[in-house]
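What follows is a single structure, written as structure tokens, with notes after it.
We name chains A, B, ... by the order of the sequence lines, and we start the count at 1 in each one.
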Number of protein chains: 2
Amino acid sequence: MPLDTAKTTERRSAVIKALGHPSRLLIAESLMNGEQCVCDLKELVGSDMSTVSKHLSLMREAGVLNCEKRGLNIYYSLACDCLGEFLRCVDKLACGGNKNTCC
Amino acid sequence: MPLDTAKTTERRSAVIKALGHPSRLLIAESLMNGEQCVCDLKELVGSDMSTVSKHLSLMREAGVLNCEKRGLNIYYSLACDCLGEFLRCVDKLACGGNKNTCC
DNA sequence: CATCTATTTGGTTATTTAGCCAAATAGATG
DNA sequence: CATCTATTTGGCTAAATAACCAAATAGATG
């Protein structure tokens, strides 16, 4: 059973990285309730709008988000409905962390 | 429906980060076939052993890996059997990334 | 067309993360 | 007990990431 090519690994890790920053994770979770524009997300995260914008671009480039301009705003939304499942996996992985007293 | 506390978000993102580096992802995937010692993983990753060791510590601290010393070696293993499911989610998220031509 | 609003981009600095080497540790073996 | 082996730790440098501010852009509105 061969491991993935380096390219697949890079791609996967880009997706994972896109969700591995606290602000970005918060954004993704919030978008589970539906699309939001940048200024909404700026409120949520509490950083400068340019910072939020950059987080959003990164997530979009990784394929995690889509965006659509309507009127004055740009609305971001999850590109895939599987984030909930993803987070359940993360939480399961997270609680493996109790018994690691060794070495 | 309130979002998580900051602490939960930090914890989750630590787990996600622990898997979001190419070398670490490779390690995790390889451990799906069973435990391995540091020098095996050094071969796999192709970095200095100290570098690999630091990746492993980080993953262990995040709760993703366990380790156990036997004889001269320290064997690392996945702390949770849900990594396969996690990766399936990642791949689904990854292929959302085709249609994002907008803005 | 001038202006206003929402967002992105560029530039800069600070912080974090990764990698390597050398030295320390801990346990096994002669 | 001296030594050997596998791993970790500390120190350092380089590279990547994050944050902010100021300026640019693009589209809506008067």
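Closest approach of B:L87 to B:M32, counting heavy atoms only: CD1-SD, 4.2 Å. The minimum heavy-atom distance linking A:Y76 with A:L31 is given by the pair O-CD2, 3.5 Å. Of all the heavy atoms in A:S30 and A:L41, the pair that sits closest is OG-CD2, 4.5 Å. Residues A:C37 and A:N73 approach most closely at CB-CB, 3.9 Å, considering heavy atoms.
A distance of 10.5 Å separates CG in B:L26 from CZ in A:R12, rounded to the nearest 0.5 Å.
A heavy atom lying under 4.0 Å from DNA chain D marks none of the residues of residues 34-41 of chain A. Listed in residue order, the members of residues 18-25 of chain B having a heavy atom less than 4.0 Å from DNA chain C are B:H21, B:R24.
To the nearest angstrom, P of C:dA18 lies 18 Å from NZ of B:K42. Taking atom CD of A:E10 as the reference point, atom P of D:dA16 lies 11 Å away to the nearest angstrom. Counting to the nearest Å, the P atom of D:dT8 and the CE atom of B:M59 are 13 Å from each other. Between the CE atom of B:M49 and the P atom of D:dT7 there is a distance of 6 Å, given to the nearest Å. Atom CG of A:L65 and atom P of C:dT8 are 11 Å apart (whole Å). Following rounding to the nearest Å, B:I27 (CD1) and C:dA18 (P) show an atom-to-atom distance of 11 Å. In this structure, B:L58 places its CG atom 9 Å from C1' of C:dT17, rounding to the nearest Å. Here the C1' atom of nucleotide C:dT8 and the CD atom of A:E61 are 12 Å apart, to the nearest Å.
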Would you list the protein and nucleotides 21-28 of chain D atom pairs, both N or O, that sit under 3.5 Å from each other?
residue, atom, partner, partner atom, Å
D:dC21, N4, A:S50, OG, 2.9

Applying the Watson-Crick and G-U criteria (both distances under 3.5 angstrom) with [ ] for crossing and | for other-strand pairs, one obtains for DNA chain D ||||||||||||||||||||||||||||||

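Between B:E10 and B:K17, none of the side-chain N atoms (NZ, or NE/NH1/NH2) sits under 4.0 Å from a carboxylate O, so this pair counts as no salt bridge. In summary, B:R70 and B:E68 engage in a salt bridge, as defined by a charged side-chain N under 4.0 Å from a carboxylate O. A salt bridge links B:K92 with A:E85: at least one charged nitrogen is closer than 4.0 Å to a carboxylate oxygen.
The backbone N or O of A:L58 lies less than 3.5 Å from no partner atom in the side chain of A:R24, so there is not a single donor-acceptor pair. No donor-acceptor pair closer than 3.5 Å links the side chain of B:R60 to the backbone N or O of B:H55. Side-chain atoms of B:S57 come within 3.5 Å of backbone atoms of B:S53 as a donor-acceptor pair (strictly under, hydrogens ignored).
Remark: A:C82 pairs with A:C80 by the disulfide bond (SG atoms under 2.5 Å apart) rule, at least two apart or across chains. Scanning for side chain to side chain donor-acceptor pair (under 3.5 Å) contacts around A:S50 gives A:D48, with sequence neighbours left out.
Side-chain proximity of B:N73 to D:dT7, C:dC20, D:dT17: nearest is D:dT7.
Nucleic acid contact for A:K17: sugar-phosphate only, since backbone atoms but no base atoms lie under 4.0 Å from a heavy atom of the residue.
Residue B:I27 is tested with B:L56, B:V64, B:D40, B:L19 for a side chain to side chain contact (heavy atoms under 4.5 Å, CB included); the sole match is B:L56.
Put simply, A:Y76 has a side-chain N or O that comes within less than 4.0 Å of OP1 or OP2 on C:dT8.
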